[in-house]
Novice: 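Sharing a structure here in structure tokens format.
Sequence lines set the chain letters: A, B, ... in the order given, protein chains first and strands last, and positions in each chain run from 1.
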Amino acid sequence: MVRTRFAPSPTGYLHVGGLRTALYNYLFAKQNNGKFVLRIEDTDQKRKVDGAVENLIESLNWSGIEADEGPVKQGDFGPYIQSERLELYKKHVDILLEKEHAYPCFCTRERLKKLKESQSDDSTQFGYDNHCRNLSRAEVMSKIKNGESYVVRLKTPLEGEVVIYDIVRGKVTFPNELLDDQVILKSDGFPTYHLANVVDDHLMEISHVIRGEEWLSSTPKHKLLYDYFGWKTPKFAHLPLLLNQDKSKLSKRQGDVAVEDYMEKGYLPEAIMNFLLLLGWNPGNNKEIFSLKEMVKSFSLKKVNKSGSIFNIEKLNWFNGQYIRSYDLDGLYKISAAYFPKNTNLSENEEKKILSLIQERLSTLQQIPKQAALILSDSIEYNKDALDYIRSESGMLVLKSLAKIISCEDELHSSNFFQIIKKVQAETLVKGKQLWMIVRVGLTGEIHGPEINKIAELLGKEKCLARINQAIKNG
RNA sequence: GGCGCCAUCGUCUAGUGGUUAGGACCCAGGAUUUUCAUUCCUGUAACCGGAGUUCGAUUCUCCGUGGCGCUACCA
């Protein structure tokens, strides 16, 4: 049975890199008829953020991938929040202590800090100096009795090597002598990532650990833990990192990294997921647009590539535009209604009409207000190019003629608008692009936009006249 | 500093011991659209460097170089 997990820390929001990790875990589980588990890794009390778990789950729900087991949907391996599993970790630390694969360490933070400082220029030795590794049982007992605060460290082998077989990277070897005696239980009684992770993955029967490359270096420690416990090691797959434009690890400073940021900006989950899918994996053919179902079918862990990839927003914009255009009007309206300006008194039908005019020019839903303003706005500002048209020789002529002819019409339709322009042409002798552009600027104040006859219909007679008169004033 | 991972157009990537090194985004040009956008067509643009193996290396090996990650009582 394939079981994968996504195990984020609740530090405030879901990182897009985390979302890709979740996606790959999900896809791999689903295509193997396995289970995808969500586990919250909140072992660092200092970094705890209120509401972060809810936020994480909300972002994940939005993305469309659903956990088979997790804090919301309980399964047989709960609890799924690490802070609720403290007893379990304690028990397993005791096992290691018992077997002398771990030992209490009483080194103070001051001592550790000094140690580190003394090493900063010294190239021979780094990391913990195993100071407490060989304390006698009596010494340990007396220190504990004295109430000295301590952590538990893993006793790593001094020689030999650990070999990891990674699905993405192949065989990776680490010399044991470089392994630090890692802290596995903190003085506050919480486990560190390394211990909690291994214990949970085992207890939750995770078969494949699919996570970011930043974990590759600590995998030997995890492997050691599995061995010490006498457990079967899961398969590992370390994914390439997502990078900033400058190739550093994707970070907040250089743009949006939170999934909620993209939600707010009007990106569609389909687009984000499709984009993320192709950042580090490709199907080996030219197919680019994937539904979640197609992803499940095509995805292959073995074809995940090894090098980090830059999070290129332009490609994301393109995907988003593609998906926006793929919706029918009702479907698109459903997800974009919230982006329409609130104070307009527009009916749903009118908003839909506007949407149909601007659908193909959107790359994010956030652009809706600006695009819609072309039709909705009462205050029009003319830029220089626009003014050139209405202030040209024929500008006034056309606008005045247009106003006169429109005011004679009962109603404006996109279908009779052409006839109206014909009349204007006959009266003013202005024609072609010049004529149409003056009309466009007169009605919208802009030199670009959707089809002008449809805009005219949407505006209606009164508003058209008002705008033309305003243009005349500015001419 | 040490250890580990990585290296094809600007970006995401395909691919191969012999290829005109393919696709997508971006950019440029064209067609359609009396505008723009969309759509379609065309174009610009890449195998990090040096050795070795080989008849032949972008591809295999080694060494550099560069980038990134880890090196916490953070994950």
Side-chain angles (χ1 to χ4, degrees), chain A residues 7-11 41-47 105 107 109 112-113 116 119-128 149-153 164 166 168-170 172-175 177-180 182-194 196-197 211-220 238 240-241 243 245-249 275 278-289 303 305-319 321 325 357-363 371 385 389 421 431-437 439-441 444 446-452:
Chain A
S9 295
T11 53
E41 308 222 327
D42 59 344
T43 55
D44 186 358
Q45 294 300 289
K46 293 189 292 291
R47 294 212 301 174
C105 167
C107 291
R109 285 171 199 271
L112 261 17
K113 196 178 163 198
K116 197 172 184 181
Q119 290 169 343
S120 58
D121 293 311
D122 171 18
S123 56
T124 52
Q125 192 63 49
F126 274 84
Y128 184 59
S149 157
Y150 67 97
V151 301
V152 177
R153 285 181 186 272
I164 306 295
D166 187 276
V168 174
R169 281 150 219 287
V172 186
T173 306
F174 299 85
E177 53 181 327
L178 271 347
L179 257 36
D180 234 5
Q182 191 70 46
V183 172
I184 55 175
L185 191 73
K186 299 182 250 188
S187 54
D188 64 0
F190 278 75
T192 59
Y193 172 87
H194 308 289
N197 188 261
R211 63 197 346 176
E213 195 197 332
E214 69 264 34
W215 294 109
L216 186 58
S217 301
S218 39
T219 307
H238 287 93
L241 258 19
L243 311 174
Q245 291 297 332
D246 67 357
K247 297 202 172 206
S248 58
K249 186 172 159 181
F275 173 62
L278 266 12
L279 242 36
W281 176 86
N282 76 85
N285 55 40
N286 289 337
K287 185 173 167 65
E288 284 212 291
I289 302 288
K303 270 191 73 69
N305 52 238
K306 300 173 174 71
S307 53
S309 36
I310 294 174
F311 189 92
N312 184 214
I313 197 90
E314 282 172 340
K315 184 90 183 217
L316 173 60
N317 288 338
W318 178 79
F319 272 116
R325 265 161 253 136
L357 285 193
I358 62 177
Q359 177 170 18
E360 67 189 20
R361 27 196 345 109
L362 297 172
S363 64
Q371 291 287 335
D385 289 338
Y389 276 107
I421 298 300
K431 59 183 178 179
K433 184 176 175 182
Q434 184 68 10
L435 170 63
W436 285 90
M437 287 305 282
V439 172
R440 174 174 292 283
V441 172
T444 68
E446 296 284 336
I447 57 170
H448 302 307
E451 287 176 75
I452 192 64

Novice: Sugar-phosphate means primed atoms, P, OP1 and OP2; the rest is base. With that split, encode nucleotides 68-75 of chain B 5' to 3' as B, S or - using protein heavy atoms under 4.0 Å.
Specialist: SBS-SBBB

Novice: Go through the steps to decide whether A:E288 and A:K315 satisfy the test salt bridge (Lys or Arg N to Asp or Glu O under 4.0 Å), and finish with yes or no.
Specialist: CA-CA 11 Å; A:E288 284 212 291; A:K315 184 90 183 217; 3.1 Å; yes

Novice: Only pairs with both distances under 3.5 Å count, Watson-Crick or wobble alike; so what is the partner of B:C68 in this structure?
Specialist: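 Per the H-bond distance test, B:G4.
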
Novice: Using the P atom as the point on both nucleotides, what is the distance between B:G52 and B:U44, in whole Å?
Specialist: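 Each nucleotide's P atom is 35 Å from the other's.
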
Novice: Would you please classify the geometry between the A:F311 ring and the A:F275 ring as parallel, tilted or perpendicular, with 30° and 60° separating the classes?
Specialist: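 A:F275 and A:F311: perpendicular rings.
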
Novice: Given B:C25, B:A7, B:U35, identify the nucleotide with an atom nearest to the side chain of A:K315.
Specialist: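 So the nucleotide nearest the side chain must be B:C25.
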
Novice: So what's B:U39 paired with, Watson-Crick or G-U wobble, going by both distances under 3.5 Å?
Specialist: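 With both distances under 3.5 Å, B:U39 matches B:A31.
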
Novice: Looking only at atom C1', what distance separates B:U16 and B:C60, rounded to whole Å?
Specialist: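 Those two atoms are separated by 12 Å.
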
Novice: With a 4.0 Å cutoff (strictly under), does any side-chain N or O of A:N282 reach OP1 or OP2 of B:A14?
Specialist: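 Yes, within the criterion.
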
Novice: To the nearest Å, how far apart are A:N285 CG and B:A14 P?
Specialist: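 Rounding to the nearest Å, CG of A:N285 and P of B:A14 are 12 Å apart.
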
Novice: Going from CD1 on A:I452 to CG on A:L357, what distance comes out if it is rounded to the nearest 0.5 angstrom?
Specialist: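 Those atoms lie 10.0 Å apart.
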
Novice: Is any side-chain heavy atom of A:H238 closer than 4.5 Å to a side-chain heavy atom of A:V168?
Specialist: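 Result no, sub-4.5 Å side-chain heavy-atom pair not found.
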
Novice: Would you measure the distance from the P atom in B:U8 across to the matching atom in B:C68 and give it in whole Å?
Specialist: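 Looking at atom P only, B:U8 and B:C68 are 15 Å apart.
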
Novice: Rounded to whole angstroms, how far apart are CG on A:L179 and P on B:G2?
Specialist: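 Distance, rounded to whole Å: 18 Å.
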
Novice: Closer than 4.0 Å, any side-chain N/O of A:K433 to the OP1 or OP2 of B:U33?
Specialist: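 So the side-chain polar atoms of A:K433 never come under 4.0 Å of the phosphate oxygens OP1 or OP2 of B:U33.
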
Novice: From CG of A:N312 over to P of B:C12, roughly how many Å is that when rounded to an integer?
Specialist: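 Going from CG in A:N312 over to P in B:C12 covers 7 Å.
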
Novice: Taking pairing as Watson-Crick or G-U wobble with both contacts under 3.5 Å, can you name the mate of B:G10, or confirm there isn't one?
Specialist: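 Pairing partner, where one exists within any strand: B:C25.
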
Novice: Taking the side chain as every heavy atom from C-beta outward, state whether A:P240 and A:K306 have any atom pair closer than 4.5 Å.
Specialist: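 Result no, sub-4.5 Å side-chain heavy-atom pair not found.
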
Novice: Provide the closest heavy-atom pair for A:L278 versus A:P283 in the form atom of the first, atom of the second, distance.
Specialist: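 It is CD1-CD, 4.4 Å.
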
Novice: Please check this pair: side chain of A:K247 against backbone of A:G308, looking for a donor-acceptor N/O pair closer than 3.5 Å.
Specialist: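 Not at all, since once roles are kept as given, no pair shorter than 3.5 Å links the two residues.
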
Novice: Could you give the CG-to-P distance, from A:L279 to B:A14, as a whole number of Å?
Specialist: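 Computing the A:L279:CG to B:A14:P distance gives 12 Å.
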
Novice: With RNA chain B as reference, determine whether A:S309 or A:F174 sits nearer its 5' end, using the nearest nucleotide of each.
Specialist: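 This one resolves to A:F174.
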
Novice: Expressed as a whole number of angstroms, how long is the span from A:E288:CD to B:C12:C1'?
Specialist: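 A:E288 atom CD is separated from B:C12 atom C1' by 8 Å.
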
Novice: Using the P atom in both, what is the distance from B:G43 to B:G18, to the nearest Å?
Specialist: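 My reading of the P atoms in B:G43 and B:G18 gives 25 Å.
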
Novice: For the C1' atoms, the ones on B:A24 and on B:A14, what distance do you get once it is rounded to whole angstrom?
Specialist: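 Between the two C1' atoms, the distance is 11 Å.
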
Novice: From B:A24, B:C6, B:U35, pick the nucleotide closest to the side chain of A:K306?
Specialist: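 Of the candidates, B:C6 comes closest.
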
Novice: Between B:A28 and B:G69, how far apart are the C1' atoms? Round to whole Å, please.
Specialist: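 Roughly 38 Å separates the two C1' atoms.
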
Novice: With respect to the side chain of A:R169, which nucleotide from B:C6, B:G15, B:A24 is positioned closest?
Specialist: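 So the nucleotide nearest the side chain must be B:C6.
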
Novice: Now, which nucleotide makes the Watson-Crick or G-U wobble pair with B:C74, with each of the two distances under 3.5 Å?
Specialist: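 Looking at the geometry, B:C74 pairs with no nucleotide.
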
Novice: Between B:U58 and B:G29, how many Å separate the two P atoms, rounded to a whole number?
Specialist: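 Roughly 35 Å separates the two P atoms.
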
Novice: How many whole angstroms separate atom CD1 of A:I310 from atom C1' of B:C9?
Specialist: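 Checked: the CD1 to C1' distance equals 13 Å.
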
Novice: If you assign A:W281 and A:P175 each to the RNA chain B nucleotide with the nearest heavy atom, which residue ends up on the more 5' nucleotide?
Specialist: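 Taking each residue's closest nucleotide, the earlier one in sequence belongs to A:P175.
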
Novice: Are there more than 12 heavy atoms of other residues, nucleotides or ligands under 6.0 Å from atom NZ of A:K431?
Specialist: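 No, because the 6.0 Å sphere around NZ of A:K431 holds 12 heavy atoms or fewer from other groups.
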
Novice: B:G1 P sits how many Å from A:L178 CG, rounded?
Specialist: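 That distance rounds to 15 Å.
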
Novice: According to the Watson-Crick and G-U wobble definitions, with both distances under 3.5 Å, which nucleotide is paired to B:U20?
Specialist: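 When the pairing criteria are applied, nothing turns out to pair with B:U20, so the answer is none.
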
Novice: Step by step, would you call A:I447 with A:V441 a side chain to side chain contact (heavy atoms under 4.5 Å, CB included)?
Specialist: CA-CA 6 Å; A:I447 57 170; A:V441 172; 3.9 Å; yes

Novice: So, does A:N286 get its side chain near the phosphate of B:G22, meaning an N or O under 4.0 Å from OP1 or OP2?
Specialist: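 So the side chain of A:N286 is outside the cut-off, no N or O lying under 4.0 Å from OP1 or OP2 of B:G22.
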
Novice: Under a 3.5 Å distance rule, please check whether A:K287 uses its side chain to pair with a backbone N or O of A:I289 as donor and acceptor.
Specialist: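 Answer holds: yes.
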
Novice: Tell me: CG of A:L316 to P of B:A24, nearest whole Å?
Specialist: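 For the pair A:L316 CG and B:A24 P, the rounded distance is 19 Å.
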
Novice: At less than 3.5 Å, do the side-chain atoms of A:R440 and the base atoms of B:U35 form a donor-acceptor pair?
Specialist: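 Check passes, donor-acceptor contact within cut-off.
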
Novice: For nucleotides B:U13 and B:C6, find the distance between their C1' atoms and express it as a whole number of Å.
Specialist: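 Between the two C1' atoms, the distance is 15 Å.
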
Novice: Taking a pair as Watson-Crick or G-U wobble with both distances under 3.5 Å, which nucleotide is matched to B:A51?
Specialist: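 Per the H-bond distance test, B:U61.
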
